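Down below is the structure, laid out as structure tokens.
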Amino acid sequence: MLKILRVAVCSERTRMARSERFRKYCNQVADIEYPKRIFSGIQPTGSVHLGNYFGAIQRWVELQNSGEAVLCSIADLHSITLPQDPQKLRENVMLITATLLACGIDFKKSILFEQSKVSMHTELCWVLCTITTMARLAHLPQFKEKSESLKNVPLGLFIYPVLQAADILLYKATHVPVGQDQAQHIQLAQDLAQIFNRKFGQTFPIPHALISDNRSQKIKSLREPTKKMSKSHTDSKSRLNILDEPDVLLEKIKKSVTDFTSEITYEPDKRQGVSNLINIHSLFTGKTPEEICKEAASLNTGQYKLLLADIVIEKLSPIRNNILRLTKEPAYLNEILKEGADRATELATNCWTEVIGKVFGNDLRDVKNVKNTAKVM
């Protein structure tokens, strides 16, 4: 019994010592000032729908226009975790580039680039793979979800969260705008940053997730309003794509699932279908659900759908026209991506040089002397 007590006391002392070391480490990290830098990425697969537009792209534009340093990565390396046709993938890269520009991303203010054009993403991914475990990755929910339908699971699908962490840490990003479903992947990036810093010396800031709590995170499928709007849903009528023609938008909204109550009320828990349409209406106009319900008091759901369709068509048509115009200028799009890749490479090189110096023993500097001198703009 005495031996057990001694072991327990020793274990507790060890735990407290580790906690104290971690506390001191956190205090050291807090003394280092990293410039605020925002990183996000989007895969070039399929057409952008309203969930992507309001949940991600519009947020990037708002951050960019408020003067923040923003990096927008077209995550083509992530897209090949599942089979892709090379020609179609290239077309999708051009399409998503045109879409981001048409939606308001300014390549002069932000860094817009193609992930695969900066080789250090995969190089840092390998280094981070050596300090994480299979058990840690297997617990991530998206791997479980995506692998369920596959007989043979590609290794890339398993380790892509590590690549995602490398994307963020390579630019010493301090903030990452994500949806709630991606929060655990940001936690992995935080964990890997802490593990690397403890093992090799202070190198990375701990990135913080910018999780929006507004209605942009609540856009649901038009056909199954209990589920979020998604590119992967088999029914194309479940989502409103930015490139949909006006007649298609009208038809999708008219056929959206509501209920047998004709009155327009905002009750997300009881009337998911109608509430989803009101959320979309609110995001396009800036009006509150209460204001919308008051204005639509004399309308039934069929009439309200026509009203909403007019608003959606009016708002999306200029964006759609700009996308179609830009896709006819591939040389211009490629030049923008090349310029963005050059700027991203400059940032990445500064970080990667520091990483390899520490990992291979050439640059073991004290944490107090670490400075982040790279400039985004």
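Just so we're clear, the structure is a prediction, and the values are computed from it rather than from any experiment. Heavy atoms only: backbone and side chains are in, while hydrogens, waters and symmetry mates are out. When a residue number appears, it is its place in the shown sequence, counting from 1.
At a threshold of 4.5 Å between non-hydrogen side-chain atoms, the residues Trp352 and Val127 count as touching. The closest side-chain heavy-atom distance from Cys72 to Ile42 is not below 4.5 Å.
Salt-bridge check for Glu290 with Lys294: failed, with every basic side-chain N at 4.0 Å or more from each acidic carboxylate O. Ion pairing of Lys237 with Glu251 is absent here, as no side-chain N (NZ or NE/NH1/NH2) approaches a carboxylate O to less than 4.0 Å.
Taking the six-membered ring for Trp and the full ring otherwise, Tyr34 and Phe204 have centroids separated by 6.0 Å or more.
When each of Arg239, Glu224, Lys227 is tested with His233 by the rule side-chain hydrogen bond (donor to acceptor under 3.5 Å, both in side chains), just one qualifies, namely Glu224. Each of Leu71, Asn350, Ile111 was scored for a side chain to side chain contact (heavy atoms under 4.5 Å, CB included) with Tyr171, with one residue passing: Leu71.
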Between Asp244 and Lys252, is the side chain to side chain contact (heavy atoms under 4.5 Å, CB included) condition met? List the steps.
CA-CA 10 Å; Asp244 283 342; Lys252 286 181 177 180; 2.7 Å; yes
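Considering CG of Leu50 and CG of Asn276, their distance stands at 9.5 Å, rounded to 0.5 Å. Atom CE of Met94 and atom OG1 of Thr327 lie 10.5 Å apart (nearest 0.5 Å). Rounded to the nearest 0.5 angstrom, Gln164 CD and Leu140 CG are separated by 9.0 Å.
Between His175 and His208, the ring planes lie tilted relative to each other; the angle falls in the 30° to 60° range.
Taken together through direct or relayed side-chain contacts under 4.5 Å among Ile, Leu, Val, Met, Phe, Trp and Tyr, Trp126 and Val162 form parts of separate hydrophobic clusters. Cluster annotation: Leu137 and Leu163 are assigned to distinct hydrophobic clusters (Ile/Leu/Val/Met/Phe/Trp/Tyr, side-chain heavy-atom contacts under 4.5 Å, transitive).
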